[in-house]
Amino acid sequence: MSDFADRLTRWQRLHGRHDLPWQVADPYRVWLSEVMLQQTQVGTVIPYYQRFVTTFPDVATLAAAPLDEVLAHWAGLGYYSRARNLHAAAQKVMTYFGGVFPRSAQLLETLPGIGRSTSAAVAGFCYGERVAILDGNVKRVLSRWAGIAGFPGEKAVEKQLWALAESLLPVSETDMPAFTQGMMDLGATLCTRSKPQCQPCPLRGDCRARLEDCTAELPARKPKKSVPERETYMLLLRHQGRWLLQKRPPTGIWGGLWSLPETAAIDAGIAYCQDRLGLRVELAEALPELVHTFTHFRLTISPLVLDVLEMDARVAEDDHAWFTRSDALQAGIPTPVRKLLQLV
DNA sequence: AACTCGGGGTA
DNA sequence: TACCCAGAGTT
């Protein structure tokens, strides 16, 4: 019986995925894809990736672009700190590494947004460096193959999985790209969360979960937790065919994106318009509530359409701007804001 | 160690 | 509905 790495790399070369758009000899594109794929499925990423590389074909172009334009291409993909870190990392590659991508996982990990797994993926794919990845696919494959019962999000279990992943690396650097891709491909195509296809799996001979018939129980589910509820009003301020958007602070939810002004109550919203924005407004319409679910809370949005009757001559603050509906939809805006602007 | 950070796919 | 997805950064 050949060992784990041999079986996996052989399987990947014969039956793995070879036509993904980021399977190219370009560390910039591999890096971009790995960041986009953090906590995001392949099918979701592909159209974003295509648009992104068309606009930003290399690290120098990305580094020179305004952050707003980068965020506009990321809007809808989620986890917007990834876009900010990507932009900052591109600038660091230009200024600190002379425009050349770092050639080791250790150096790659010094770039913002690149952690242990992403650095290993880029180094393994592009340079053949013998470093292990540990993403959702690998956690599932290894917890089943080794019969590890604990929840992979738990520190001790994760540490065990990292050690196991490192112990299974191929001896030869030339096998690293196929091995790394094989771990991902196996988890994505055969060793799926539900109804895994064990029959064609190259690891079925010594897979503990398969031998003990417990693939459905591994990996362990995330412990349940109640999801907090929050609510807010979003103000759709209309003035001469334009809508007022407000740039969110760089950190926190929807960081750096253009969004709608929010208030906790209708009265406070009207007062906010008067006192802070210098607008005299009239309530035109209350749109139906919109429920938006995040990973860690649920947000109920009550949208209010307000007509602007009068505007102060005062200079608008930097973080506010009037957008046509069309321009707003092309800017970096959160998904629920996009849905609202498409209604009005 | 626990929490923050999106949005969509899927059973 | 609830969990998961080519995780990283902060507290």
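All figures in this text were calculated on a predicted structure; none of them were measured in a lab. Just so we're on the same page: letters track the sequence lines, and every chain starts at 1.
Look at CD on A:Glu109: it is 8 Å from P on C:dA8, rounded to the nearest Å. Atom OH in A:Tyr80 sits about 18 Å away from atom P in C:dG7, given to the nearest Å. Rounded to whole Å, the distance from NZ on A:Lys225 to C1' on B:dT4 is 10 Å. In this entry the distance linking CG of A:Leu71 with P of B:dG6 reads 11 Å, nearest Å. Rounded to whole Å, the distance from OH on A:Tyr48 to C1' on B:dG8 is 9 Å. The CG-P distance, from A:Leu86 to C:dA6, rounds to 19 Å in whole Å. As rounded to whole Å, 13 Å separates atom C1' of B:dG7 from atom CZ of A:Phe297. Following rounding to the nearest Å, A:Arg84 (CZ) and B:dC5 (C1') show an atom-to-atom distance of 9 Å.
Taking every side-chain heavy atom of A:Tyr79 into account, B:dG6 is the closest of C:dG9, B:dG6, C:dA6. Side-chain atoms of A:Pro334 lie closest to B:dG7 of the nucleotides C:dC4, C:dG7, B:dG7. The side chain of A:Ile253 has B:dG6 as its nearest neighbour among B:dG6, C:dG9, C:dA2. Ranking C:dA6, C:dC3, B:dC5 by closeness to the A:Arg221 side chain, first place goes to C:dC3. Checking C:dC3, B:dC5, C:dA8 against the side-chain heavy atoms of A:His296 singles out B:dC5 as nearest.
With respect to the salt-bridge test (charged N to carboxylate O, under 4.0 angstrom), the residues A:Glu217 and A:Arg144 do not qualify. Ionic pairing of A:Lys247 and A:Asp68 is present here: one or more N-O contacts between side-chain nitrogen and carboxylate oxygen are shorter than 4.0 angstrom.
Judged purely by distance below 3.5 Å, without hydrogens or angles, the side chains of A:Gln38 and A:Thr118 pair a donor atom with an acceptor atom.
Comparing the same atom, P, in B:dG8 and in C:dA8 gives a spacing of 22 Å after rounding to whole Å. C:dC3 and B:dC3 have their P atoms separated by 15 Å, given to the nearest Å. Comparing B:dC5 with C:dC5, their C1' atoms sit 14 Å apart, to the nearest whole Å. Separating the C1' atom of C:dA6 from that of B:dA11 is a span of 22 Å, rounded to the nearest Å. As rounded to the nearest Å, B:dG6 and C:dT10 have P atoms that lie 14 Å from one another.
Among the heavy atoms of the strands lying under 4.0 Å from A:Ile114 are primed sugar atoms or P, OP1, OP2 only; no base atom is included. Within 4.0 Å (heavy atoms only), A:Gln181 reaches at least one base atom of the nucleic acid. Using a 4.0 Å heavy-atom cutoff across all strands shown, A:Gly76 reaches sugar-phosphate atoms only and no base atom. As judged by a 4.0 angstrom heavy-atom cut-off over every strand, A:Arg140 is placed among residues touching the sugar-phosphate backbone only. At the heavy-atom level, A:Gly252 lies under 4.0 Å from the strands shown only through sugar-phosphate atoms.
Two residues, A:Lys155 and A:Pro336, neighbour DNA chain B, and the one matched to the more 5' nucleotide by heavy-atom proximity is A:Lys155. Between A:Lys224 and A:Trp162, the residue anchored nearer the 5' end of DNA chain C, judged by the nucleotide with its closest heavy atom, is A:Lys224.
Taking only side-chain nitrogens and oxygens, A:His292 never comes nearer than 4.0 Å to OP1 or OP2 of B:dG6. Of the side-chain N and O atoms in A:Gln39, one or more sit less than 4.0 angstrom from OP1 or OP2 of C:dG7. For the OP1/OP2 pair of B:dG6 and a distance below 4.0 Å, the side-chain nitrogens and oxygens of A:Thr293 include no atom meeting the criterion. Between A:Trp74 and B:dG6 there is no side-chain N or O to OP1 or OP2 distance below 4.0 Å. At B:dG9, none of the side-chain N or O atoms of A:Arg193 fall inside 4.0 Å of OP1 or OP2 (strictly under the cut-off). Put simply, A:Thr335 has a side-chain N or O that comes within less than 4.0 Å of OP1 or OP2 on B:dG7.
Judged by distance alone, with hydrogens and angles left aside, A:Thr40 brings a side-chain donor or acceptor within reach of the base of B:dG6, the pair sitting under 3.5 Å. For A:Thr295 against B:dG6, a side-chain-to-base donor-acceptor contact under 3.5 Å is present.
Cluster membership for A:Met36 and A:Val24, using ILVMFWY side-chain heavy atoms within less than 4.5 angstrom, is not shared.
Cation-pi geometry between A:Arg116 and A:Trp162 is met: the NZ or CZ atom falls under 6.0 Å from the ring centre, inside 45° of the normal. By the 6.0 Å and 45° rule, A:Arg51 stacks over the aromatic ring of A:Tyr48.
Enclosure of atom OH in A:Tyr96 is not indicated, since only 12 or fewer non-hydrogen atoms of other residues, nucleotides or ligands lie within 6.0 angstrom.
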